[in-house]
Asker: 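Pasting a structure here, questions to come.
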Amino acid sequence: MLYQVVLLTSIIPFAASAVDVTIPLSAPGGAPLVAPDLVSLSIEQDRWVDWAGTTEQNQFFYNALNNLAQITNSPPFIRIGADSEDHTDFSYDVEYEEDIFPASSSVSPYPEASNITVGQGFYDVISHLPFGTRVHWGVNLRQYNLTAAYLETKALIQAFESQAVKTKGITLNFIEIGNEADLYHNNGGRDSSWSVFEYVPQWVQIATNVSETAGLSKTSFTKLIGGAFAGSSNNNISGFSPQAIFAEGILGTMPGALITTISQHRYSGSFCAGSGAILQDLMTKSYIRGNISVFEPDIKATFAHGLKYILGETNSKSTIMPSFRVSNTAGAALWALDYSLFATQVGISRLHFHEGVGYKYNFIQPVTLNYSIVDGSPITPLPPHIQPPYYAAIISAEVIGSTGHARMVEIPIDATDVSGYAIFEHGHLVRAVFINHVAYLPGAGVRSSTHININFDGFGPQQMEVRRLDITYANATSGVTWAGQTYETTDARVSGTLQIQTLNVCDGLDIQETEAVLLSFL
């Protein structure tokens, strides 16, 4: 569908402060290459078929993924697993899946299944994903059952070897064995003596079984994920870390030699209520950097072994506590945007934002909800829809672009509440993005702006096109638009007239509280 482009030349009139920024015209040495699928997804395994569909694809979910592929030429990388991967068993008597769920509550309106039994169809529906999707799949370690691991892996490989999957270019890039094994001693998976010294030999035993069943080798396309631990070495009191498993010799084992990427997990906390103060905490520039920089020792250790590093599961506030009006808000979209872009600056190559049916922090709600995500009370059926954080994925995709050659550096800004990044293609400056981290909330009074004076380190572009993320309030859960367009539609497809400002670079621009702007230099 074609959309009319409306060029706007007006700017926001009131600026409470001003900052000067200098943007390099050429990519600085060491500017990281940013993958098109930087912002990717992690799907809780227990309701996987709700996301994918069974006999037919879930068109809403497909469209939401395809929107991103249309911008970057690459769909999001999809991880299927998480905690429920360690509660999954295979049965030839099951077609898709049979789940046992605990009772719903006001704290967890959509609880995770305590037991998942799956059949071949559970894996086969991977064919419903967009063309070219890369997949990272989790297999049960917690049960420590060689037969269960064998049956899951056999079904998984059969699905990816099917003609339906091959025709769509969908690939199994990684198998993950066990989710957050560092927490097994807390969740009943192991006793209190559980340690990394027991973990490594158990992982090696199950991983050897999985690797042989899947036919993996150093030359095979599919490789293994290492780690998948719940925290960084700085805050993991159980002693689990990349450094610890390296020291235990995991990379020198047969399956360990198939590890090419280390994964760790991060949530920005969990709170019992969704006050404006907590939302401002989430959005704060220094808070975001603290949640990412804590992984720097782990990343450094990972790079020393020639491996890549990802956040294989991450999101804002944990669903364990009610986080309504925080995790599902427009302010969380700004958090996710800056969190993702800053992650590239410390060596994180991809972030998988975790999703589960009815989870508060979702980018996408893929099926009709019959109960409130706030308190579990019955509601008028709410059809599939995107939530405000989805706009972070859209904007990130536009920031990165479709060439596959984008490099990015953070722009030094002498302000505690504004961040910015410059994007280069083939070494040349093409775009910049700025984020105002101040949470503008109802009752706050006049909405102020920061004026950004743009300078270059040489003779640079004279004009720029500006796209804005329009947000009424930081705690809004709907009504967000990106460059005048909305994805809050019945089919997840974009709607509305594209609105782009054309400004003179020498005039700079104003950025409101709770706003993001993307500049494309002409």
Asker: If a pair satisfies salt bridge (charged side-chain N to carboxylate O under 4.0 Å, His left out) and one of its residues is in residues 327-355, list it, with sequence neighbours excluded.
Answerer: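 Matches after skipping sequence neighbours: Arg289-Asp338.
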
Asker: Can you check whether Gln45 reaches Glu97 side chain to side chain, under 4.5 Å on heavy atoms?
Answerer: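 A side-chain contact is absent here, since even the closest heavy-atom pair is not under 4.5 Å.
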
Asker: Give a yes or no on whether the backbone of Ile100 and the side-chain of Asn115 come within a donor-acceptor separation of less than 3.5 Å.
Answerer: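 Flag not set: sc Asn115 to bb Ile100 has no pair under 3.5 Å.
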
Asker: Can you check side chain to side chain donor-acceptor pair (under 3.5 Å) on Ser327 and Ser316, steps first, answer last?
Answerer: CA-CA 6 Å; Ser327 297; Ser316 53; 3.1 Å; yes

Asker: Answer yes or no: are there more than 12 heavy-atom neighbours, outside Lys168 itself, under 6.0 Å from its atom NZ?
Answerer: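 Correct, the count exceeds 12.
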
Asker: So among Thr314, Asn291, Asn315, which one has a side chain to side chain donor-acceptor pair (under 3.5 Å) with Arg266?
Answerer: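 When Thr314, Asn291, Asn315 are each tested with Arg266, the side chain to side chain donor-acceptor pair (under 3.5 Å) holds only for Asn291.
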
Asker: Check whether any side-chain heavy atom of Leu38 sits under 4.5 Å from a side-chain heavy atom of Val399, and report yes or no.
Answerer: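 A side-chain contact is absent here, since even the closest heavy-atom pair is not under 4.5 Å.
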
Asker: Working to the nearest 0.5 angstrom, can you tell me the gap between Ile373 CD1 and Asn328 CG?
Answerer: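 Nearest 0.5 Å value for the CD1-CG distance: 4.5 Å.
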
Asker: Is there a donor-acceptor pair under 3.5 Å between the side chain of Ser220 and the backbone N or O of Ser217?
Answerer: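 Present.
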
Asker: Spell out, as yes or no, whether a donor-acceptor pair under 3.5 Å connects the side chain of Thr344 to the backbone of Leu341.
Answerer: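 Pair found, side chain donor or acceptor close to backbone of Leu341.
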
Asker: Does the Glu85 side chain pair with the main chain of Gly178, one donor and one acceptor, at a distance under 3.5 Å?
Answerer: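 Yes; at least one donor-acceptor contact below 3.5 Å.
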
Asker: For atom OH of Tyr371, is the number of surrounding heavy atoms from other residues, nucleotides or ligands below 6.0 Å larger than 12?
Answerer: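 Counting neighbours around OH of Tyr371, 12 or fewer heavy atoms of other residues, nucleotides or ligands fall under 6.0 Å, so no.
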
Asker: How many angstroms lie between CD1 in Ile394 and CD1 in Ile386, if you round to the nearest 0.5 Å?
Answerer: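 Reported to 0.5 Å precision, the distance equals 8.5 Å.
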
Asker: Taking all heavy atoms of Lys218 and all of Leu258, pick out the closest pair and write down the distance.
Answerer: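 Reported closest heavy-atom pair: N-CD2, 3.6 Å.
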
Asker: Flag the pair Val433 / Glu398 as yes when at least one side-chain heavy-atom distance between them is below 4.5 Å, and no otherwise.
Answerer: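 No, every pair of side-chain atoms sits at 4.5 Å or beyond.
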
Asker: Is there side-chain contact between Thr368 and Pro384, with heavy atoms separated by less than 4.5 Å?
Answerer: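 The answer is yes; the side chains approach within 4.5 Å.
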
Asker: Would Thr133 and Leu65 satisfy side-chain contact (heavy atoms from CB on, under 4.5 Å), going step by step from the backbone distance to the final call?
Answerer: CA-CA 9 Å; Thr133 299; Leu65 300 180; 5.6 Å; no

Asker: Does Ser105 reach the main-chain N or O of Ser108 with its side chain, forming a donor-acceptor pair under 3.5 Å?
Answerer: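 Side chain of Ser105 to backbone of Ser108: a pair is present.
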
Asker: Check whether any side-chain N or O of Trp482 sits under 3.5 Å from a backbone N or O of Ile395 as a donor-acceptor pair, and report yes or no.
Answerer: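 Judged by distance alone, no pair lies under 3.5 Å.
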
Asker: Which label fits Tyr309 and Phe295: parallel for a plane angle under 30°, tilted from 30 to 60°, or perpendicular past 60°?
Answerer: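 Because their plane-to-plane angle lies in the 30° to 60° range, the rings of Tyr309 and Phe295 count as tilted.
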
Asker: Mind checking the NE2-CD1 spacing from His305 to Ile262? Nearest 0.5 Å is all I need.
Answerer: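 Taking NE2 in His305 and CD1 in Ile262, the distance rounds to 9.0 Å.
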
Asker: If I take atom CZ from residue Phe342 and atom CD1 from residue Ile288, how far apart are they, to the nearest 0.5 angstrom?
Answerer: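 One finds 9.5 Å between CZ of Phe342 and CD1 of Ile288.
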
Asker: So which of Leu183, Asn179, Asp86, Thr88 actually passes side chain to side chain contact (heavy atoms under 4.5 Å, CB included) with Arg142?
Answerer: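 In the set Leu183, Asn179, Asp86, Thr88, the residue that makes a side chain to side chain contact (heavy atoms under 4.5 Å, CB included) with Arg142 is Asp86.
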
Asker: So, does Asn145 use its side chain to make a donor-acceptor pair with the main chain of Ala148 at under 3.5 Å?
Answerer: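 Yes, Asn145 side chain to Ala148 backbone: donor-acceptor pair under 3.5 Å.
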
Asker: I'd like to know if Glu198 pairs up with Arg190 as an ion pair, taking the criterion as any Lys NZ or Arg NE/NH1/NH2 lying under 4.0 Å from an Asp or Glu carboxylate oxygen.
Answerer: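 Result for this pair is no, no salt bridge flagged.
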
Asker: Specify the closest pair of heavy atoms between Gln202 and Leu141, including all atoms of both residues, with the distance to one decimal.
Answerer: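 Taking every non-hydrogen atom into account, O-CD1, 4.1 Å.
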
Asker: Taking the side chain as everything from C-beta on, heavy atoms only, tell me whether Trp335 gets closer than 4.5 Å to Ser268.
Answerer: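 SC-SC contact between Trp335 and Ser268 confirmed.
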
Asker: Would you say the ring centers of Tyr62 and His128 fall short of 6.0 Å from each other?
Answerer: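 For Tyr62 and His128, the ring centres are not under 6.0 Å apart.
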
Asker: Does some side-chain heavy atom of Pro255 sit less than 4.5 Å from a side-chain heavy atom of Leu224?
Answerer: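 Counting from C-beta outward, Leu224 and Pro255 do come under 4.5 Å.
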
Asker: Using the ring of each side chain (for Trp, its six-membered ring), is Tyr199 parallel, tilted or perpendicular to Trp203, with breaks at 30° and 60°?
Answerer: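 Tyr199 vs Trp203 ring planes: tilted.
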
Asker: Do any N or O atoms from the side chain of Ser106 and from the backbone of Asp375 form a donor-acceptor pair under 3.5 angstrom?
Answerer: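 No, the answer is negative, given that no donor and acceptor are paired below the 3.5 Å cut-off.
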
Asker: Which heavy atom of Asp46 sits nearest to which heavy atom of Phe101, and what is that distance?
Answerer: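 Closest approach of Asp46 to Phe101: OD2-CE2, 3.7 Å.
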
Asker: Would you say the side chain of Pro366 lies within less than 4.5 Å of the side chain of Asp50, judging by non-hydrogen atoms?
Answerer: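 Asp50 vs Pro366: side chains apart.
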
Asker: Any idea how Trp137 and Tyr123 line up, ring-wise: parallel (<30°), tilted (30 to 60°), or perpendicular (>60°)?
Answerer: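 Rings of Trp137 and Tyr123: tilted, as their planes differ by 30° to 60°.
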
Asker: Tell me which pairs pass side chain to side chain donor-acceptor pair (under 3.5 Å) where either residue lies in residues 151-165, with sequence neighbours left out.
Answerer: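 Checked against side chain to side chain donor-acceptor pair (under 3.5 Å) - neighbours excluded - the pairs reaching residues 151-165 are Gln163-Thr167.
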
Asker: Between atom OG1 of Thr253 and atom CD of Gln205, what is the distance when rounded to the nearest 0.5 Å?
Answerer: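 Interatomic distance, Thr253 OG1 to Gln205 CD, rounded to 0.5 Å: 12.5 Å.
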
Asker: If you look at every heavy atom in Val480 and Thr486, which pair is closest and at what distance?
Answerer: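 Nearest heavy atoms, Val480 then Thr486: O-OG1, 3.9 Å.
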
Asker: Do Trp51 and Phe61 have ring centres separated by under 6.0 Å?
Answerer: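 Between Trp51 and Phe61, the centre distance is under 6.0 Å.
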
Asker: Measure the CD1-OG1 distance between Ile471 and Thr481 for me, rounded to the nearest 0.5 Å.
Answerer: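 So the CD1 of Ile471 and the OG1 of Thr481 are separated by 9.0 Å.
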
Asker: Please report the shortest heavy-atom distance between Glu44 and Ala82, naming the atom on each side.
Answerer: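 Answer, listing the atom of Glu44 first, then Ala82: OE1-CB, 3.4 Å.
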
Asker: Quick one, Ile250 with Glu248, criterion side-chain contact (heavy atoms from CB on, under 4.5 Å). Give me CA distance, side-chain angles, the key distance, then yes/no.
Answerer: CA-CA 6 Å; Ile250 196 169; Glu248 286 302 299; 5.8 Å; no

Asker: Sub-3.5 Å donor-acceptor pair from the side chain of Gln365 to the main-chain atoms of Gly358, do we have one?
Answerer: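 At least one qualifying donor-acceptor pair exists.
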
Asker: Minimum heavy-atom separation for Ser232 and Val294, please, with both atom names.
Answerer: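 Minimum heavy-atom contact is OG-CG2, 3.3 Å.
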
Asker: Side-chain contact test, heavy atoms from C-beta onward, threshold under 4.5 Å: evaluate it for Ile245 versus Val196 and give yes or no.
Answerer: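 They are in contact (side-chain heavy atoms under 4.5 Å apart), so the answer is yes.
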
Asker: Measure centre to centre between the rings of Phe363 and Tyr361, then say whether the value is under 6.0 Å.
Answerer: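 They do not qualify: ring centres at least 6.0 Å apart.
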
Asker: Is Tyr96 atom OH crowded by more than 12 heavy atoms from other residues, nucleotides or ligands, each under 6.0 Å away?
Answerer: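 More than 12 within 6.0 Å, yes.
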
Asker: Under the side-chain contact (heavy atoms from CB on, under 4.5 Å) criterion, do Ser402 and Ile71 qualify, and how do the steps go?
Answerer: CA-CA 6 Å; Ser402 61; Ile71 297 170; over 6 Å; no

Asker: Centroid separation under 6.0 Å, is that true for the rings of His354 and His265?
Answerer: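 Ring-ring flag for His265/His354: false, centres at least 6.0 Å apart.
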
Asker: Give the C-alpha distance, both sets of side-chain angles, the deciding distance and a yes or no for side-chain contact (heavy atoms from CB on, under 4.5 Å) between Tyr92 and Gln120.
Answerer: CA-CA 7 Å; Tyr92 289 107; Gln120 185 61 49; over 6 Å; no

